[in-house]
Structure formats: structure tokens, C-alpha cells
Novice: 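Mind having a look at this structure? Questions to follow.
All values reported here derive from a predicted model rather than from experimental measurement.
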Amino acid sequence: MASSSSSPSRGPEVAERRGIPGAQFVEDVQTYLTQSGLDVNSALAFLQERLQQYKVVEMKLLAQQRDLQAKIPDIEKCLDVVATLQAKKGTGEALITDFEVSEGIYSRARIEDTDSVCLWLGANVMLEYSCEEATALLQKNLDNAKASLEVLVADLQFLRDQVTITQVTIARVYNWDVHQRRVRQTADAATES
């Protein structure tokens, strides 16, 4: 997520994680508005826009997380099948199994001793591997998927922190504005009397 050209200038630079800009916690609203050169309405509009950007990124990350969470059990299942084939190898015993041809459609297969398996790589590509190569490839893919999931979880936590900080900042700016209006109304009422 790239920062917009209308972003207010900040005092100390806020941390960023994998392209997700960090939110600045505003201690003093008056100082924040003065340093950024924005009025209250512009600051609130900027913060609301940033909040929406965070929400869009969160939706994308959650979709990636769901995909990885679905992919990991599939890889583990493939590893189990290859391990079963290797265990049956050399025993002379055939492996009888049901496999999914299409969603909800299964077929029964009798697998004799085999030295190789075919792995579906995607993009209409299927390659034949020896059982050892297939195990190594699947294990590498499993490790990569788990590592990617860990990074995604950390990114989501960082993003949730930024959303919280932005929401608190919006509330602080809004409440500061309400307080300033009340002070002005009280001062105006006092001068009229």
C-alpha cells in the first residue's frame, strides 16, 4: 500500500512492515494538526482514508491466509499418500484406494509396486517424480507454506495494531474538536453576557 501524496508530514518516521505503513499515535492533537498542516476535517478525512486502506489490505491478507490454510492439509495428505506408497513398495501387496476424479466423484484404483508418482503442479502441468523426489518436493512446499502462514499471521497482527491506533487517533481528533467547539461556545456566551 503506497502512501498517498496528500499524506500529512509527520514528526518521527513511523515503522512499516512489508509495504503496510505504520500508524502514528497522536499524543497531542493540536501539535499533530499544526505539524501536518491540516485542519480537523482534513485530518479526519485522511485518517478515515487510511483506515479504509488498512481494511482493504486486511481483506487481501485474510484471503491469502484462507488459501494457505486450505493448501497445507492438501500437501500433508499428499505426503501421507507418498509415504504409504513407499511403505507398500516391495511387499508384493497391492494398494487399493479410492481417489477423487472430480468434486464428489471417486474411482477405485489398484496400485502395484511403483517407483514414481505424478504430482499436479498447477497451470495444467503434471510431472512424474520418484517417490523420494516427490517427498522432498512436497516437504519443501509444506515448509514454505507454513513459513508463509507465519509471516501472514504476523502481518495481520501488525495490521490490526495499525487499525486500532488509527481508530484511537480518529476518536482523539474528533473529541479534541468537540472540546474546542465547547470551549469556544462557552467563551462566546461569556463575552455576550
Side-chain angles (χ1 to χ4, degrees), residues 1-4 7 13-25 47-168:
M1 178 166 72
S3 65
S4 63
S7 69
E13 197 55 37
V14 180
E16 179 178 303
R17 179 179 172 92
R18 293 181 10 114
I20 303 168
Q24 176 187 12
F25 179 75
L47 291 168
Q48 290 288 353
E49 179 184 333
R50 179 57 58 93
L51 187 61
Q52 290 306 313
Q53 291 171 345
Y54 286 146
K55 294 292 185 180
V56 168
V57 171
E58 182 179 30
M59 287 188 332
K60 289 178 184 177
L61 290 177
L62 286 171
Q64 290 175 5
Q65 183 183 31
R66 276 191 308 274
D67 291 346
L68 280 173
Q69 287 173 334
K71 186 179 181 180
I72 289 172
D74 288 344
I75 296 172
E76 289 172 338
K77 185 168 63 171
C78 289
L79 272 168
D80 290 343
V81 168
V82 172
T84 302
L85 286 173
Q86 284 180 311
K88 292 282 186 179
K89 185 176 172 182
T91 63
E93 184 181 335
L95 177 66
I96 298 175
T97 185
D98 294 328
F99 65 95
E100 190 172 13
V101 176
S102 182
E103 189 173 329
I105 300 173
Y106 292 87
S107 181
R108 182 153 290 173
R110 179 184 173 97
I111 303 171
E112 301 294 334
D113 279 351
T114 183
D115 293 326
S116 64
V117 294
C118 293
L119 294 180
W120 181 259
L121 301 179
N124 293 325
V125 175
M126 182 181 280
L127 289 178
E128 185 175 2
Y129 290 96
S130 69
C131 289
E132 294 78 20
E133 290 174 327
T135 300
L137 178 66
L138 289 169
Q139 189 60 51
K140 184 181 103 184
N141 289 350
L142 180 62
D143 294 341
N144 289 342
K146 286 181 177 180
S148 294
L149 186 59
E150 287 178 18
V151 169
L152 266 176
V153 168
D155 287 348
L156 279 166
Q157 184 57 48
F158 176 79
L159 189 61
R160 287 182 182 122
D161 291 345
Q162 304 320 299
V163 166
T164 302
I165 291 169
T166 303
Q167 288 171 335
V168 168

Novice: Once you round to the nearest 0.5 Å, how far does CG of Leu119 lie from SG of Cys78?
Specialist: 7.0 Å
Novice: Apply side-chain contact (heavy atoms from CB on, under 4.5 Å) to Gln65 and Leu149, showing your working.
Specialist: CA-CA 6 Å; Gln65 183 183 31; Leu149 186 59; 3.7 Å; yes
Novice: Is there a donor-acceptor contact under 3.5 Å from the side chain of Glu150 to the main chain of Ala147?
Specialist: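 No, because the side chain of Glu150 does not come within donor-acceptor range (under 3.5 Å) of the backbone of Ala147.
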Novice: Using side-chain contact (heavy atoms from CB on, under 4.5 Å) as the criterion, list what pairs up with Ala94, not counting sequence neighbours.
Specialist: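 side-chain contact (heavy atoms from CB on, under 4.5 Å) list for Ala94, sorted by chain: Arg110, Glu112.
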Novice: Would you name the heavy atoms of Pro73 and Gln69 that are closest together and state the gap between them?
Specialist: CD-O, 2.9 Å
Novice: Using 0.5 Å steps for rounding, measure from the CD atom of Gln53 to the OG1 atom of Thr166.
Specialist: 10.0 Å
Novice: Can you name the nearest heavy-atom pair linking Phe158 to Ile20, along with the distance?
Specialist: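 What the structure gives for the nearest pair is CE2-O, 3.6 Å.
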Novice: What pair of heavy atoms forms the shortest contact from Trp120 to Met126, and how long is it?
Specialist: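 Scanning both residues completely, I find the closest heavy atoms to be CE3-CE, 3.5 Å.
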Novice: State whether the side chain of Tyr54 and the backbone N or O of Pro21 hold a donor-acceptor pair below 3.5 Å, judged by distance alone.
Specialist: yes
Novice: Is the backbone of Ile105 close enough, under 3.5 Å, to the side chain of Ser102 for a donor and an acceptor to pair up by distance?
Specialist: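 No, Ser102 side chain to Ile105 backbone: no donor-acceptor pair under 3.5 Å.
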Novice: CG/Leu85 to CG/Asp80 distance, rounded to the nearest 0.5 angstrom?
Specialist: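 The CG atom of Asp80 is 11.0 Å from CG of Leu85, to the nearest 0.5 Å.
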Novice: Which atom names give the shortest non-hydrogen contact between Val117 and Cys131, and what distance separates them?
Specialist: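 For Val117 versus Cys131, the nearest heavy atoms are CG1-SG, 4.2 Å.
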Novice: Are Ser116 and Tyr129 side-chain neighbours, meaning at least one heavy-atom pair lies under 4.5 Å?
Specialist: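 Of all side-chain heavy-atom pairs linking Tyr129 with Ser116, none is under 4.5 Å.
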Novice: Check each of Leu156, Leu152, Asp67, Leu159 against Leu62 using the side-chain contact (heavy atoms from CB on, under 4.5 Å) test, and report the only one that passes.
Specialist: Leu156
Novice: Applying salt bridge (Lys or Arg N to Asp or Glu O under 4.0 Å) as the test, list every pair that has at least one member in residues 119-129; sequence neighbours left out.
Specialist: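 Sorted pair list comes back empty.
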Novice: Looking at every heavy atom in both Thr91 and Asp113, which two are closest together, and how far apart are they?
Specialist: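 Where Thr91 meets Asp113 most closely, the heavy atoms are N-OD1, 4.5 Å.
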Novice: Answer yes or no: is there an ion pair linking Lys71 with Glu76, defined by an N-O contact shorter than 4.0 Å?
Specialist: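 A salt bridge is absent here (no side-chain N lies under 4.0 Å from a carboxylate O).
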Novice: Drop me the distance from Glu100's CD to Ser107's OG, to the nearest 0.5 angstrom.
Specialist: 11.5 Å
Novice: Are Asp115 and Lys89 within salt-bridge range, i.e. N to O under 4.0 Å?
Specialist: yes
Novice: To the nearest 0.5 angstrom, please state how far the OG1 atom of Thr135 sits from the NZ atom of Lys140.
Specialist: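 Going from the OG1 atom of Thr135 to the NZ atom of Lys140 covers 14.0 Å.
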Novice: In sequence, state the C-alpha distance, the side-chain angles, and the governing distance for Val168 and Phe25, and then conclude on side-chain contact (heavy atoms from CB on, under 4.5 Å).
Specialist: CA-CA 8 Å; Val168 168; Phe25 179 75; 3.8 Å; yes
Novice: Are any non-hydrogen side-chain atoms of Arg17 and Asp155 less than 4.5 angstrom apart?
Specialist: yes
Novice: Specify the closest pair of heavy atoms between Gly22 and Arg50, including all atoms of both residues, with the distance to one decimal.
Specialist: O-NH1, 4.2 Å
Novice: In Å, rounded to the nearest 0.5 Å, how long is the span from CG of Leu61 to CZ of Arg66?
Specialist: 11.0 Å
Novice: In the structure I gave you, are the side-chain heavy atoms of Leu47 and Gln167 within less than 4.5 Å of one another anywhere?
Specialist: no
Novice: Would you call Gln139 and Leu142 a side-chain contact if the rule is heavy atoms closer than 4.5 Å?
Specialist: yes
Novice: Counting C-beta onward and ignoring hydrogens, is there a side-chain heavy-atom pair between Thr97 and Arg108 closer than 4.5 Å?
Specialist: no
